[in-house]
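Please read the structure below before turning to the comments.
Here is how names work: the chains are called A, B, and so on, in the same order as the sequence lines, proteins then strands, and each is numbered from 1. In what follows, every heavy atom counts, from backbone to side chain, and hydrogens, waters and symmetry copies are set aside.
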Amino acid sequence: MQREQIYQLLKQKYGFDEFRPGQYEVISQLLAGQDVLAVLPTGTGKSLIYQLVGTIMPGLVVVVSPLISLMQDQVARLNYQGEKQVAALTSQLSFGTRQQVLRHLNAYKFLFVSPEMLKQPEVLAAVQATPIALFVVDEAHCISTWGPDFRPDYLALGQLREQLQPQRTLMLTATATTQVRQDILAQLRLPAAQQVVYSANRPNIYLGVAAVANEDEKRQMLQQLVVTVKGPTIVYFSSKRQTDLIAEWLQSTTGLRVAGYHAGLSGEDRFKIQQQFMAGQLDVICATSAFGMGIDKADIRLVIHYHLPTSLADYVQEIGRAGRDGGQSLAVLLYAPGDEQLVRNLNDLTSASANEITQAFQLYQQNITPHDDLGQVLQFYWEHDYTVEQVTKIFEKRQRGKNDELRQLLAYVQAEGCRRAVLLAHFDEPAPTHTNECCQLKGDSLPVAALNLQAPLRAQTPPNPAWESILDQLFLQNS
Amino acid sequence: MMFSTEPRRAKAVFNVLRGRRTVSTLFAGLTYDCLSALDSWHGVPMEKFLASLQELLTAGDLATPMEGYVQLTTAGAAHKEQLQATLYQPVAFRAFQTIDVRRFTAISALALQVASQAVHHQNRYYPLTTDPGIQAIVKQWFRRQTVAHLGEQLHTELTTFLQSLPAPLPTVFVASISGFENPGQTDQQLATQLDKTPLEILVMRKDLACRWCLWLETQPQSCLATLLQPLVKSNPVTPSAWQTYQTVQQGLTVEQVAIQRRLKLSTVREHLLEVAILVPTFPYTQVLTPARVQTLTEIFADQPVVANWRFEQVQTVAPEMDFFWFRLFQIMRCQTNAA
Ligand SMILES: [Zn+2]
């Protein structure tokens, strides 16, 4: 296909004149018959790549995605863009609906599915019977970060891909170190895939770190930031409980419109909060990291981390939700001494000692089905004929990896010099020239005014209209 | 809310709430007078139920007279009375017995969104649900509508329905709709606005969903009626039990029915108990026979509390009588007491 035709399609289908950095390169490689690993920063419009390729190539586009909520967001977004032949095959569908989708796979262009769902014999058989144009592994870094000790079915993706025999494979991620990229290619058994790697750097996001003495000071700092800095704002937490508590506290103490968002909400509530945020009806979202993966809001100005993220890669991805419109934005990580313990506790949840692994293997030999998470993860390895020694090594390696990630995160938090340099070094990128718009050096204050990010005077939130007038707005044309 | 000062089996109450349709669950629902709540909390995990039970036990509102049973303490009974006076009390949960309320709620929410966007000529929006089954149903429905009148018609119907409701129900209902430029509000947001707990809002919304289904059942000309119809059953009983019941109504004995329907005698009996519990017009005397009714009436003549009857009492007087007749008689008495 000619370059002009591709640009024509971009204009005609999506109304754009230009591709974002990386999009065209990946599309043309795929159309030239290559498998591609694409590392493109958050906000590059990664889904446009497989949408466009799917439009050009005959056959189904299978997108492997880690979270149900993310799949639903992606389907909704494709629907929004006018793609009708889209479905997410999730455990939330009724049995009948699932059968219906599987029986009519030919009627679909895009199928979203988790590794666990794809591996089910009935699903695999139906997908296998359908010609596949493109096999997409979205959030491909999960293979390396979640595969070993949390979602082992990610490790079986290489085998599944070979069984499905897609014409092309596309691996997508926003952030991946050299090591993670190697892991992805090895696991998917595609050593010859082309790599299209773009910088993780987002120069329009100022990097701040606010060191506080304790939890109390942290709350005060959070409150001050959301009141004085221009929004819209996302505040990230690592616990669901804190998300709700602080959202309520912020709403009642600042008068801002705040909502909590996490995996515990119903699909309906998630929809409403996302749509309110996109429509500018919310000032602040307090969220766990699940928020924002699937939504496309270009004008987020402030991203605050109330807790440490689990790695620098996650941090880059989460702050990347700010400033997609290119405008000046601000990321602030709040840190109190001891915060790293929370990350260690989370890491411990998925760790396993040699002893535990041996015991789990003995239970497996006695045909006892495990009920705990760890036992179920280990089950995968036993079913794939791993030995206790091999599994112990894999778990040790992953724990070492997690300790490294935490160490590098703390190096960023406690950096004496340019933070952006530390961040980019993590992805083997050269240090940038530090400027006043780059990052907050230790001891400096946040240059909110210099960045032109002061909160405007906020109008009083109008009272909710009466139900009669909402009903008019909904269903009468000229109201 | 589901407990009284008489001991009740906690597990049975849980099974009523999540809609487990076994005869023992249904019978518990009948004797505990909470059948109307059947299936109203479908999908609630056991752990959550046990956790709230534990909270009430710790607070001293509930006590455990024996393993597996709970009853309200005096303080608990007073507390319940106070809550009943101040909290919203659902009135339409009986709809759960004959209508798939949950599915209708999901379908109609998408239908209202599609209609509202169409009224404003907006075709780029994020759909409320990505469930392909629900999307297909609504798409088919929408094709049969005349867009020029759809908005007005829905507006009129909703207004009529909502005007029949006490405040703040109309506010809660309308705030739950997602449509053009109105994403709607979450339970948490409504709770803040109306100064109630999110749980109370949730109960209101469940009850509203039921009320709306029941109202729409009486409006066959409504543009949403075709979406509701496939989700309505003519009676609350399972189809197989209903078939058994119809054979009995032809005048056959239980044994004859078993032969004709090629079912085990025990299955036929289970079916009849299910129908007896859920259908008030059950022909007790015909099935029980007047002789059995008389024997059983004599045995329990001086015991007004039906739930306290024990089958052993029957066995000492009439050892040949099956448990089935005893249970059926018990159900009959519960129904007449209730009526
Ligand atoms: Zn710097």
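- In this structure, chain B has a heavy atom under 4.5 Å from the side chain of A:Val101, while its backbone stays farther away.
- Ranked by non-hydrogen atom pairs under 4.5 Å with chain B, the options A:Glu268, A:Gln100, A:Glu468 are led by A:Glu268.
- Of the options B:Leu158, B:Leu169, B:Val174, B:Ile177, a side-chain contact (heavy atoms from CB on, under 4.5 Å) to A:Trp467 is made by B:Val174 and by none of the others.
- With a 4.5 Å cut-off on non-hydrogen atoms, B:Thr129 does not touch chain A at all.
- Within the 4.5 angstrom heavy-atom criterion, no atom of B:Gln153 approaches chain A.
- Atom CD of B:Glu152 sits in a sparse spot, with 12 or fewer heavy atoms from other residues, nucleotides or ligands closer than 6.0 Å.
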Q.
Does A:Lys84 form a side-chain contact (heavy atoms from CB on, under 4.5 Å) with B:Gln135? I'd like the steps, not just the answer.
A. CA-CA 10 Å; A:Lys84 303 293 179 206; B:Gln135 283 192 349; over 6 Å; no
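- Here B:Leu162 is the residue among B:Leu162, B:Asp187, B:Thr159, B:Asn123 with the most heavy-atom pairs under 4.5 Å with chain A.
- Within the 4.5 angstrom heavy-atom criterion, no atom of A:Leu89 approaches chain B.
- Within 6.0 Å of CG on A:Asp373 lie no more than 12 heavy atoms contributed by other residues, nucleotides or ligands.
- Judged purely by distance below 3.5 Å, without hydrogens or angles, the side chains of B:Gln185 and A:Gln276 never pair a donor atom with an acceptor atom.
- You'll find the side chain of B:Ser178 stays beyond 4.5 Å of the side chain of A:Gln275, heavy atoms only.
- At a threshold of 4.5 Å between non-hydrogen side-chain atoms, the residues B:Pro132 and A:Tyr108 count as touching.
- Distance check, rounded to the nearest 0.5 Å: CD of B:Gln189 to NZ of A:Lys272 gives 8.5 Å.
- The main-chain N or O of A:Gln473 is found under 3.5 Å from a side-chain atom of B:His120 such that the two form a donor-acceptor pair.
- The OG1 atom of B:Thr130 sits 8.5 Å away from the CD atom of A:Gln92 when rounded to the nearest 0.5 Å.
- A donor and an acceptor atom, one from each side chain of B:Asp131 and A:Gln72, are nowhere located under 3.5 Å apart.
- Your options are A:Asn79, A:Asn464, A:Leu78, and the one with the most heavy-atom pairs under 4.5 Å with chain B is A:Asn464.
- Applying the 6.0 Å contact sphere to NZ of B:Lys139 captures no more than 12 heavy atoms from other residues, nucleotides or ligands.
- Using a 4.5 Å heavy-atom cutoff, the side chains of A:Glu248 and B:Gln188 are in contact.
- For B:Leu154, the part lying under 4.5 angstrom from a heavy atom of chain A is the side chain only.
- To the nearest 0.5 Å, atoms CZ (A:Phe271) and OH (B:Tyr126) are separated by 10.0 Å.
- Between chain A and the residues B:Leu128, B:Val172, B:Ile134, B:Leu150, the largest count of heavy-atom pairs under 4.5 Å involves B:Leu128.
- Atom CG of A:Leu471 is separated from atom NE2 of B:His155 by 4.5 Å, given to the nearest 0.5 angstrom.
- Both the backbone and the side chain of B:Leu112 come within less than 4.5 Å of a heavy atom of chain A.
- When each of B:Gly133, B:Pro127, B:Ala118, B:Gly151 is checked for heavy-atom pairs under 4.5 Å with chain A, B:Pro127 comes out on top.
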Can you check side-chain contact (heavy atoms from CB on, under 4.5 Å) on B:Glu181 and A:Gln281, steps first, answer last? CA-CA 10 Å; B:Glu181 287 181 355; A:Gln281 297 170 3; 5.8 Å; no
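- Rounded to the nearest 0.5 angstrom, B:Leu202 CG and A:Ser266 OG are separated by 9.0 Å.
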